Undergrad: 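Have a look at this one.
Numbering starts at 1 and runs along the sequence shown. Values below: all heavy atoms of this structure, side chains included; hydrogens, waters and symmetry mates excluded. Atoms within a ligand are numbered from 1 in the order they appear, just like the ligands themselves. Values in this document were obtained by computation on a predicted structure and should not be read as measured data.
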Amino acid sequence: MSRMEFNVQLQSEAVSRSVKNLVDVGLQKVPEAYIRPENERPTASPVYSESIPVIDLHGFDDHNQSTVINAMSKACEEWGFFQVINHGVPEGVIERMVKAHHMFLEQPEEEKSKYKAEGHEKPVLYGTGFTAKGQKVLEWRDFLMFIVAGTIDAQTLQHWPPVIRDSALEFVTEVRKLAIKLLSGLSECLGIPDILQSVMGYERLLLNYHPPCPNPDMTFGLSGHSDVGLITVLLQDDVGGLQVSHNGRWVAVQPISNAFVINVGDALQVLSNGRFQSIEHRVVPNYNQARISIPLFCAPANSTIINPIPELINEHNPSKYRSFTFGDYVAYFHNRPHSGKADNLAFARLD
Ligand code: OGA
Ligand code: NI
């Protein structure tokens, strides 16, 4: 078979293969299923390189607490995004997680495919793109997702791929501590100590992989979306590609080695009655380099009722959102393609 014929064959099989596998076997052009309409491409609007806030958590537990909290509050109001350094997650834990992620990726496709499944409630799920119903254009990424709600017991761990088990457990344990510290700080910002930690009941660990892309101007690694939960605590490697919407412009997040990127999710926007912003973000792929990112999504349990925290509501600050069950919101989100952010929270907005 000629190289061209081979590529034509790959195009027709594209939807059933992982993107890593497509690239590994020699794909030369992004398959049709991944190509965005021209007005929605990464190149459709300019991207600025402005620095999102970087917050040094050193001293968070003692003398510097109010400085750190003020900085977090401002960042969540103005950007919905910030990076943290001196966050307390040991470098060794990060290194072992990243290494284990690569070891998982390097396994044969048959091995990885054992973790494929339909739906979103499996303890571990391997897949490609964003698997919402109605997703029109696929996304240039493979992922492995773990549900890590509550205590991670031996039975849960048995479902996790052996090459990743120990490192992922260690990583989740440490990053969860950071998440709780951040939620505690944000509760202080709202003036109601401990409120947000008490709402956290469900977490997902996601290992994203974006292989090098032959046409990075035609497709997204992840198209524009907001995260549904309370906060996301994300590790990215030094390749870059994450962009956040800020005052109507796209801003590229500059990777900082071993830092975590923190962002506000939709549930936190509602709880704070719109004071903290859950901001649209997306990932562009890279022509030369593969990229990984590892977010921990911290969310309420599905049964939790979400509405603006009553103490924040008064006649000058009326409630902007109705009450809803978090699970209903997630179901709504997963039944829609990634399509920006505004129309998702319309689900709960009171006009
Ligand atoms: C996500 C996400 C951003 C990134 O997985 O929800 O937005 O930098 N990831 O990979
Ligand atoms: Ni996201």
Undergrad: With a heavy-atom distance limit of 4.0 Å, tell me whether H225 approaches ligand 1 through its side chain, its backbone, both, or neither.
TA: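 For H225, only side-chain atoms sit under 4.0 Å from ligand 1.
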Undergrad: Between ligand 1 and Q236, is the shortest N or O to N or O distance under 3.5 Å?
TA: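 By distance alone, the answer is no.
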Undergrad: Kindly report the NE2-the Ni ion (ligand 2)-OD1 angle for H225 and D227 respectively, rounded to 10°.
TA: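 NE2 of H225, the Ni ion (ligand 2) and OD1 of D227 span an angle of about 90°.
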Undergrad: Provide, to 0.1 Å, the distance between atom 10 (O) of ligand 1 and the closest protein heavy atom, together with that atom's residue and name.
TA: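 That would be S293 OG, 2.6 Å.
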Undergrad: Hey, is F297 one of the residues with a heavy atom under 4.0 angstrom from ligand 1?
TA: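 So F297 counts as touching ligand 1.
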Undergrad: Go through ligand 1 atom by atom and flag the ones less than 4.0 Å from a non-hydrogen atom of P295.
TA: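 In order of numbering, the contacting atoms are 5 (O).
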Undergrad: Set out, in order, the CA-CA distance, both residues' side-chain angles and the distance that settles salt bridge (Lys or Arg N to Asp or Glu O under 4.0 Å) for K112 and E109, then state yes or no.
TA: CA-CA 5 Å; K112 292 187 275 188; E109 202 57 37; 3.7 Å; yes
Undergrad: Check V253 against ligand 1 and report side chain, backbone, both or neither, counting heavy atoms closer than 4.0 Å.
TA: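 Looking at V253 and ligand 1, no heavy atom falls under 4.0 Å.
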Undergrad: Measuring from atom 8 (O) of ligand 1, which candidate in R282, R291, R141, Q243 has the nearest non-hydrogen atom?
TA: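 Nearest option to atom 8 (O) of ligand 1, by heavy atoms: R291.
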Undergrad: Assess whether atom NE2 of H159 is packed by more than 12 heavy atoms of other residues, nucleotides or ligands within 6.0 Å.
TA: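 Yes, enclosed.
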Undergrad: Any salt bridge between E174 and K177, counting N to O under 4.0 Å?
TA: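 Judged by the 4.0 Å cut-off on N to carboxylate O distance, E174 and K177 do form a salt bridge.
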Undergrad: With a heavy-atom distance limit of 4.0 Å, tell me whether V261 approaches ligand 1 through its side chain, its backbone, both, or neither.
TA: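 Near ligand 1, V261 shows nothing, with every heavy atom at 4.0 Å or more.
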Undergrad: For ligand 1, which atoms sit closer than 4.0 Å to a heavy atom of L242?
TA: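 Under 4.0 Å from L242, ligand 1 has these atoms: 3 (C), 8 (O).
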Undergrad: Ligand 1 versus M145, non-hydrogen atoms closer than 4.0 Å: side chain, backbone, both, neither?
TA: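 Neither; nothing of M145 gets under 4.0 Å from ligand 1.
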Undergrad: Any idea which part of T232 is under 4.0 Å from ligand 1, heavy-atom wise: side chain, backbone, both or neither?
TA: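 The answer is neither; T232 stays 4.0 Å or more away.
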Undergrad: Flag this pair as yes if the NZ/CZ of R249 is under 6.0 angstrom from the six-membered ring centre of Y48 and inside a 45 degree cone about the axis; otherwise no.
TA: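 Yes, R249 lies over the aromatic ring of Y48.
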Undergrad: Side chain to side chain contact (heavy atoms under 4.5 Å, CB included) for D227 and H225? Distances and angles first, verdict last.
TA: CA-CA 7 Å; D227 296 348; H225 68 282; 3.1 Å; yes
Undergrad: Using the side-chain contact (heavy atoms from CB on, under 4.5 Å) rule, pick out the option among T232, L178, L234, L296 that qualifies with F260.
TA: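 That would be L178; it is the only one of T232, L178, L234, L296 passing the side-chain contact (heavy atoms from CB on, under 4.5 Å) with F260.
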Undergrad: Has R322 got its NZ or CZ under 6.0 Å from the middle of the six-membered ring of F347, at an angle within 45 degrees of the ring axis?
TA: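 Yes, cation above the ring, under 6.0 Å and within 45°.
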Undergrad: Just to verify, which of L57, D56, I55, V175 counts as forming a side-chain contact (heavy atoms from CB on, under 4.5 Å) with H87?
TA: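 Of the listed residues L57, D56, I55, V175, the side-chain contact (heavy atoms from CB on, under 4.5 Å) partner of H87 is L57.
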Undergrad: Could you tell me which atoms of ligand 1, counted from 1 in the order shown, lie closer than 4.0 angstrom to a heavy atom of L206?
TA: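 Answer, ordered by atom number: 5 (O).
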Undergrad: Give me the nearest non-hydrogen protein atom to atom 5 (O) of ligand 1 as residue plus atom name, then the distance to 0.1 Å.
TA: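 The closest one turns out to be N208 ND2, 3.2 Å.
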Undergrad: Apply side chain to side chain contact (heavy atoms under 4.5 Å, CB included) to residues W79 and V264 and explain how you reach the verdict.
TA: CA-CA 9 Å; W79 285 84; V264 172; over 6 Å; no
Undergrad: Which atoms of ligand 1 have any heavy atom of V283 under 4.0 Å away?
TA: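 Ligand 1 atoms under the 4.0 Å threshold to V283: 3 (C), 4 (C), 8 (O), 10 (O).
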Undergrad: Over 60° means perpendicular and under 30° means parallel, so tell me whether Y329 and F324 are parallel, tilted or perpendicular.
TA: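 Rings of Y329 and F324: tilted, 30 to 60°.
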Undergrad: What protein heavy atom is closest to atom 2 (C) of ligand 1, reported as residue, atom name and distance in Å?
TA: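 Answer, as residue, atom name and distance: L222 CD1, 3.4 Å.
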Undergrad: Short list, please: which atoms of ligand 1 are under 4.0 Å from a heavy atom of L234?
TA: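 The list of qualifying atoms is 3 (C), 4 (C), 8 (O), 9 (N), 10 (O).
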Undergrad: For I279, is there any backbone N or O sitting under 3.5 Å from a side-chain donor or acceptor partner on H281?
TA: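 Yes, H281 side chain to I279 backbone: donor-acceptor pair under 3.5 Å.
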